Amino acid sequence: MSRYAAAEIEAKWQAAWDKADIFRATRTADRPKYYVLEMFPYPSGRIHMGHVRNYTMGDVIARYKMSTGHNVLHPMGWDAFGMPAENAAMASGGHPKDWTYANIADMRDQMKPLGLSIDWTREFATCDPEYYGQQQALFLDFLEKGLVYRKEAVVNWDPVDMTVLANEQVENGRGWRSGAVVERRELTQWFFRISDFAGDLLDALDGLENWPAKVRLMQENWIGRSRGLQFAFSLIDGPDGHDRIEVYTTRPDTLNGASFIGVSPDHPLARQLEKDNADLAAFNAECRRMGTSEEELEKAEKRGFDTGLRVRHPFDNAWELPVYVANFILMDYGTGAIFGCPAHDQRDLDFARKYELPVTSTFEPETPGEPYTRPEDGGTAFVPPKTEKVRYVRGVAGDEVQTGDQAIDAAIDFCEARGVGQGVTKYRLRDWGLSRQRYWGCPIPVVHCEACGVVPEKKENLPIQLPYDEGGTPIDFSVPGNPLDRHPTWRDCACPACGAPAKRETDTMDTFVDSSWYYARFTAPRAETPTVMEDAEYWMNVDQYIGGIEHAILHLLYSRFFARAMHICGHLPGKSREPFDALFTQGMVTHEIYQTRDDKGRPVYHLPDEVEGGALKATGEPVEVIPSAKMSKSKKNVVDPATIIATYGADTARWFVLSDSPPERDVEWTEAGAEAAHKHLTRVHRIVSEIAQSAEGEETAEDEALLREMHKTIHEVTGGVESFGFNAAIAKLYAFTNTLAKSRAGTGAKRQAARALVQLMSPMTPHLSEELWSMLDGAGLVAQASWPVADAAMLVDETITLPVQINGKRRGEISVPRDMDKAEVEKTALAADAVVKALEGAQPKKVIVVPGRIVNVVI
RNA sequence: GCCCGCGUGGUGGAAUGGUAGACACAGGGGACUUAAAAUCCCCAGGCUUCAGGCCGUGCCGGUUCGAGUCCGGCCGCGGGUACCA
């Protein structure tokens, strides 16, 4: 009897699949298409267990769909632009391009042994000129349709590295790499007009029924719709060009509690005033220096600068309010100006107390008599939920007692009728700035011409390729700044409009652009246009998208925007305005952390490989075990998929990452678990090969029981695979393996059962299944066999066991024919020993019979 | 702060309002073996006066013939998010 030799089997069947070319996706009308996609990886150089879990799940779906008669598209590519490649070049020399392509080759080599059903002919990397050239074409189309534009924007500027930093890259006001104090600079940047789509992107979330509710909610909050009133206060003796201050409020019902006006330090009025006021200029400069991190904002004191200016209240010409410049007001939300209502906003109240401004309640709790201290009497700001009824003492419109929502609507109507502003809907979502002052990204295909200004590059000149060297020598990344800026010749070009010498744009695109349309490119990866409508029409949408929850907002929102924009430019059909029909977010792979301490008491981490039985293998020194956490290089709690595959085989790794936890939750990698998975596969191999080799025998009385169990297993595993219940499906497969191992059924029935087992396992353990399938004389490849169908008649037993409860507590059970009618079941239940004993001759009050489920006797 | 999710044996977890703990890990006992490995069989929520009984899905209450599941209020943990006017 041959042992389970995973390495041999896996190589053999991967070669067989390759030879038969069964994973190549080709358009055809004779089968329904199914597009399954996992979020493509960044080519860091090593695959990790998270990748294994992600791609295995996608592979299970892809293989299952293939065996249910679908024409499956299951592609793979590389999200290959980005900072790590440049950082690697800066740290250790070399070129980002070489680093990236070498990593891609390494990772492909690590991925292939997993036996994924991927159509590798469609593979591409976003740093391929063939890909980013089409991205540049998209950009030009977007430009033509007004979907992308340039504007001045404030950015975090690192003066040492000479680059713009994202907010996440600023730590305590300093650049994360250079440690230099970050400056706020105004730069002209490119923006996508995503905010024009805010309402649509929000409303359309309702239609994404097969997305996790959590992700939809996160996007909803991110887009952040609010309804309010926009109106103006008239300014008394304002500087030239400033006779009013426009404000936005979601609480117009508190207008009679207004106490001051606040404007952002970046507000045009503040900028005008600082020209003649050195103190204000200093105040504003200090505000602008302040970081934007959460931590800093938390600590930052709410500070204001009294401009001395006054405005008139819109309801009362005689009522004047002071105008402050305040450090907590953002220029890019609303109008950059607010009215402060200290009674109903804690921040405004703190501000009012600090600068001794009036506090005026406009409403109070509805129920009198409850202990309540008004904010003007030293209480905290009164901010009840808007759905709660309150008593208006200085309301704007409507009843004295009403909910905040009602009062807000009434106030908007009232103000509109008086010509005081209008009701508006605003969104938190802002336009997406895509300019990056980096080398390793997709060049923005425009030209700056002295005569013509900003001119789009001609499409026939695409792709605008990144230069590899500068005048013969490879680009030196150890010099700070953007290499494209200082390149001797790359910038030089002819103006596409007038032909005069001009300069290229040196900004490149945010890498989120690259991943916002790759799913569409997979439908026609070698086309001379971004997409081909016929292919997009056929393959789109992605039927099942799988990836990490960390992309719940940015990547998925940007992709939804891009799909809309591509539709507008004729690159995607209307149905693909929402590109992902179903989304699944899987959990992480975690592992314990092993740590010792050095002589100074600092933690030293150790790889799981170096630890055995709670001590270091090398020295025997005991290790501290820290509970499971996400695998990370810095904590060394990583297991390398390559090692696992070498030790146990890919099927074991695949089986284990699916087995122990529900796919949306984290799964803890344990040596014991991996070993158990491997033991089980070895056992299946042994049991099935024994059955395959045993001689034909008589039918036995146990045949039917085994086949019934087989059909139940088919039913449950199918349901599990279809609903991402992989762990439950695997539990059922374990149970069925036990049944099969113990069964005394005849060889014929056992073969049938073994064939079903092997086939049901095949999406998870494709290699082992092929091997056993061939032993069992299955025709062709199991990968191409039709999925087994459960016989409904075999799913229900002739005789069933019903639990009998007395007053809801289980007291016994009865065995009855499946289709016995309710009255008979009741009779049988009442005759059961436990019931007779409990009733002591009395009549039950009530008997509930749930057919096929349970009987409950109420006494 | 606000929004969302989750609390089930020693552990991971299973359970359309209907037998709580499937399946697996770790554990205990046994068979085979000179021995070990491998394999196979059995036990296993807690308490108990043990052919039985009582308790039990974070805590308190409710709805129901029946609640891990539904509702209300707490407690704890996890995630998201915020000077958003």
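Chain letters run A, B, ... following the sequence lines, proteins first, then strands; residues in each count from 1. The structure displayed is predicted, hence computed values, not measured ones.
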Check the side chains of Y248(A) and S226(A) for a donor-acceptor pair under 3.5 angstrom, ignoring hydrogens and angles.
yes
Would you find a donor on one side and an acceptor on the other, under 3.5 Å apart, between the side chain of R654(A) and the backbone of M764(A)?
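Yes, because the side chain of R654(A) sits within donor-acceptor range (under 3.5 Å) of the backbone of M764(A).
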Indicate whether OP1 or OP2 belonging to [N] is found under 4.0 Å from a side-chain N or O atom of [X].
X       : N      : answer
Y734(A) : A24(B) : no
R347(A) : C84(B) : yes
N727(A) : A14(B) : yes
K809(A) : A20(B) : no
N221(A) : C84(B) : no
R811(A) : C54(B) : yes

Which residue in the set F351(A), F339(A), Y355(A) passes ring-ring contact (aromatic ring centres under 6.0 Å, His included) when paired with F260(A)?
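When F351(A), F339(A), Y355(A) are each tested with F260(A), the ring-ring contact (aromatic ring centres under 6.0 Å, His included) holds only for F351(A).
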Of A14(B), C65(B), C84(B), the nucleotide closest to the side chain of V858(A) is C65(B)
Measure from the side chain of K214(A), starting at C-beta and using heavy atoms only, and say which of C65(B), C84(B), G79(B) lies closest.
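The listed nucleotide nearest to K214(A)'s side chain is G79(B).
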Expressed in angstrom and rounded to an integer, what is the separation of [X] atom [atom1] from [N] atom [atom2]?
X       : N      : atom1 : atom2 : result
R3(A)   : A38(B) : CZ    : P     : 11 Å
K732(A) : A22(B) : NZ    : C1'   : 9 Å
L681(A) : A38(B) : CG    : P     : 17 Å
I549(A) : G5(B)  : CD1   : C1'   : 11 Å
W669(A) : C25(B) : CH2   : P     : 15 Å
E826(A) : C65(B) : CD    : C1'   : 13 Å
I223(A) : U81(B) : CD1   : P     : 14 Å
W222(A) : C84(B) : CH2   : C1'   : 12 Å

How does protein contact run along nucleotides 40-49 of chain B, one letter per nucleotide 5' to 3', with B for base contact, S for sugar-phosphate only, - for none, heavy atoms under 4.0 Å?
SSS-------
Opposite nucleotide pairing with [N], Watson-Crick or G-U, both atom distances under 3.5 Å:
N      : value
A85(B) : none
G21(B) : none
U39(B) : A31(B)
U64(B) : none
A26(B) : none
C2(B)  : G80(B)
C50(B) : none

I245(A): side-chain contact (heavy atoms from CB on, under 4.5 Å) partners, not counting sequence neighbours:
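I245(A): side-chain contact (heavy atoms from CB on, under 4.5 Å) contacts with L235(A), V247(A), I261(A), V263(A), L269(A), V311(A), V323(A), A337(A).
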Look at the side chain of [X] and the base of [N], then say whether one donor and one acceptor between them are separated by less than 3.5 Å.
X       : N      : answer
R853(A) : U16(B) : yes
K302(A) : C83(B) : yes
R430(A) : C84(B) : yes

Side-chain donor-acceptor pairs under 3.5 Å in residues 420-431 of chain A, sequence neighbours left out?
unit_1: K426(A); atom_1: NZ; unit_2: Q230(A); atom_2: OE1; d: 3.0
unit_1: Y427(A); atom_1: OH; unit_2: R225(A); atom_2: NH1; d: 3.0
unit_1: R428(A); atom_1: NE; unit_2: W222(A); atom_2: O; d: 3.1
unit_1: R430(A); atom_1: NH1; unit_2: D332(A); atom_2: OD2; d: 3.0
unit_1: D431(A); atom_1: OD1; unit_2: I194(A); atom_2: N; d: 3.2
unit_1: D431(A); atom_1: OD1; unit_2: S195(A); atom_2: N; d: 2.9
unit_1: D431(A); atom_1: OD1; unit_2: S195(A); atom_2: OG; d: 2.7
unit_1: D431(A); atom_1: OD2; unit_2: Y149(A); atom_2: OH; d: 2.5

Look at all strands and tell whether A676(A) reaches a base, only sugar-phosphate, or nothing, counting heavy atoms closer than 4.0 Å.
sugar-phosphate
Hey, are E246(A) and R244(A) close enough for a salt bridge, meaning a charged N less than 4.0 Å from a carboxylate O?
yes
Using the ring centroid of each side chain, check whether Y734(A) and H680(A) are separated by less than 6.0 Å.
yes
